[in-house]
Amino acid sequence: MATTPILQCVSHSLTKLNTEAPRHEPNTAALEPPSSSILSLIPKCTSLRELKQIQAYTIKTHQNNPTVLTKLINFCTSNPTIASMDHAHRMFDKIPQPDIVLFNTMARGYARFDDPLRAILLCSQVLCSGLLPDDYTFSSLLKACARLKALEEGKQLHCLAVKLGVGDNMYVCPTLINMYTACNDVDAARRVFDKIGEPCVVAYNAIITSCARNSRPNEALALFRELQESGLKPTDVTMLVALSSCALLGALDLGRWIHEYVKKNGFDQYVKVNTALIDMYAKCGSLDDAVSVFKDMPRRDTQAWSAMIVAYATHGHGSQAISMLREMKKAKVQPDEITFLGILYACSHTGLVEEGYEYFHSMTHEYGIVPSIKHYGCMIDLLGRAGRLEEACKFIDELPIKPTPILWRTLLSSCSSHGNVEMAKLVIQRIFELDDSHGGDYVILSNLCARNGRWDDVNHLRKMMVDKGALKVPGCSSIEVNNVVHEFFSGDGVHSTSTILHHALDELVKELKLAGYVPDTSLVFYADIEDEEKEIVLRYHSEKLAITYGLLNTPPGTTIRVVKNLRVCVDCHNAAKFISLIFGRQIILRDVQRFHHFKDGKCSCGDYW
DNA sequence: TGAGGCTGTT
């Protein structure tokens, strides 16, 4: 990892500090108080020229007075359109003995300009110069560790913060929770939260986000309720994190409840909260509600339009997504990189190849947006889905950046859906050159070989997968019933009602077969088991379990909403169509890529996925 | 008090 030497430097400083007591040097810079007129002038600057004039005047009259310089530096770090961090750093270098506030201001600036390494370097300078780091310093350092996913350094900082008496500081705790969450240690984040005597609303916001992002849906929702009962007043950020939790979990009922709360407490004046509502409704499968929130918004920014475009795109309404872009331009709102991701996504899921190319070019040429890896991914998907596999391969080879395994994986899925074994084998070679630990790759190719009766290849891939120790992410589907999110894993024997559930699913499959459903056993990875056994492996797929749970535990006629962590399998997709027809239920299934609305035996994706 | 923590859109 490129960051190691710098992080080592921090570790070194930390060890030094742990063994020697920190010295606190008094600030010996000019102490003459600045005139209040200069201080009040700084925030009014409208250009770099004005700022430089004030700077020159300060040097002349106040000899680099730290109060004025800190205010100037703070202005630079908060106004990127007027001044740069380089300019701030030049001022900073002129100060012979910067105090802790100056260091902290600079570090915060680098963090804002998304340069965590520079922020860390500055803070380690604090440690080396013998200044006593304070709660501000720890906040910046922990934020940088979160950004760099540096768990070990984060832990050391946590220990040091405790030692220096700021471990339970109200500003440090949320950054600690955030750092542990970013480093995938949710338990540690939870321990930090539990140690706070009286958590403030920001700590609650941090821990709710932590649980929601790490598949702990019910814990996130319980904490949200606890926050309400504690008498603390939720803020607009609480609404954002609670809504994004619902979106991640597909918890529509709770989302609707929060929407009511938002309206009652005036949070619907915030553009960001409305955007989070659009996203929540879209991700929970209710496009109509997303549209209605968008229509009622008093003001719409780029993010709001983008959220709506992405909503239409993921629900398979490609042409609506594109017409939204036209309306957005009419409303004189500038599209950004996310807007175009939504548009490219819409094109790829609707088969609009030529339009996709056009938007890709207008994004770069007309709007000057540099395509990211995700835009390239959309283009590969666009070509691959349409069966233009050679063209997609050429597109990857001609990229100005080094392709990642994800880009090749996108093409691999297309090879699979178009049944092109030879191409898939070539593609998997390219993937294995970069990463051979991803179990999903072996499964895709193996399923494709199995469908073509190439059992030797299937066995070979299976052996390779075991030898390499490649792991497959287990399929997991969830459904919200009575405000509780129930999770099911493939072949689940964990859920409390699993015996009843398995029994019900057995009966369900019998009924589906009578209606014409034929289990697609060619999809099962194992070549050496009998067809009957294969059918059983398929039967207990997580999405089938979740749908069955929904059928058993919701009133007849209500819509069943299921969220899956991977792509839906062909057999489950087929079964869901039959279920929607036989039981007269709408099923809305969100998978890792898009939505499938099943109704009267048909799916909204038109089997184009 | 010269500087804060948690934040939505693929």
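We name chains A, B, ... by the order of the sequence lines, and we start the count at 1 in each one.
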**Report entry** Other residues, nucleotides, ligands: >12 heavy atoms within 6.0 Å of A/F75 CZ
**Finding:** yes
**Report entry** Under 4.0 angstrom between A/K143 side-chain N/O and B/dC6 OP1 or OP2
**Finding:** yes
Query raised in the report: What's the CE-C1' distance between A/M239 and B/dC6, to the nearest Å?
Result: 13 Å
Report task. For A/G342 and A/I309, work out which heavy atoms get closest and say how close. Result -> C-CG2, 4.0 Å
Report task. Report yes if at least one side-chain N or O of A/N74 is closer than 4.0 Å to OP1 or OP2 of B/dG2; otherwise report no. Result -> no
Query raised in the report: Where along residues 292-327 of chain A does a heavy atom fall under 4.0 Å from DNA chain B?
Result: A/Q303, A/S306, A/V310
Query raised in the report: B/dA3 C1' sits how many Å from A/N104 CG, rounded?
Result: 6 Å
Query raised in the report: B/dG5 P sits how many Å from A/L141 CG, rounded?
Result: 14 Å
Query raised in the report: Can you tell me how far C1' of B/dG2 sits from CD1 of A/I42, to the nearest Å?
Result: 10 Å
Query raised in the report: What do the steps show when you test A/L382 against A/L344 for side chain to side chain contact (heavy atoms under 4.5 Å, CB included), and what is the final call?
Result: CA-CA 8 Å; A/L382 173 81; A/L344 294 177; 5.9 Å; no
Query raised in the report: Separation of A/N274 atom CG from B/dT7 atom P, in whole Å?
Result: 20 Å
Report task. Test for a donor-acceptor pair under 3.5 Å between the base of B/dG2 and the side chain of A/D99, counting only N and O atoms. Result -> yes
Requested in this report: Write down the atom of A/P400, the atom of A/Y376, and the distance for their closest heavy-atom approach.
Outcome: CG-OH, 3.3 Å
Query raised in the report: Heavy atom of residues 275-287 of chain A under 4.0 Å from DNA chain B: which residues?
Result: A/T275, A/D279, A/K283
Query raised in the report: Below 4.0 angstrom, N of the basic side chain to O of the carboxylate: do A/K374 and A/E337 qualify?
Result: no
Report task. Using whole Å, report how far CE of A/M328 lies from P of B/dT9. Result -> 16 Å
Report task. Could you state the atom-to-atom distance from CZ of A/R213 to P of B/dG8 in whole Å? Result -> 5 Å
**Report entry** From A/V241, A/V237, A/L223, A/T238, residue fulfilling side chain to side chain contact (heavy atoms under 4.5 Å, CB included) relative to A/Y204
**Finding:** A/L223
**Report entry** Atom-pair distance (CE on A/M379; P on B/dT10), nearest Å
**Finding:** 20 Å
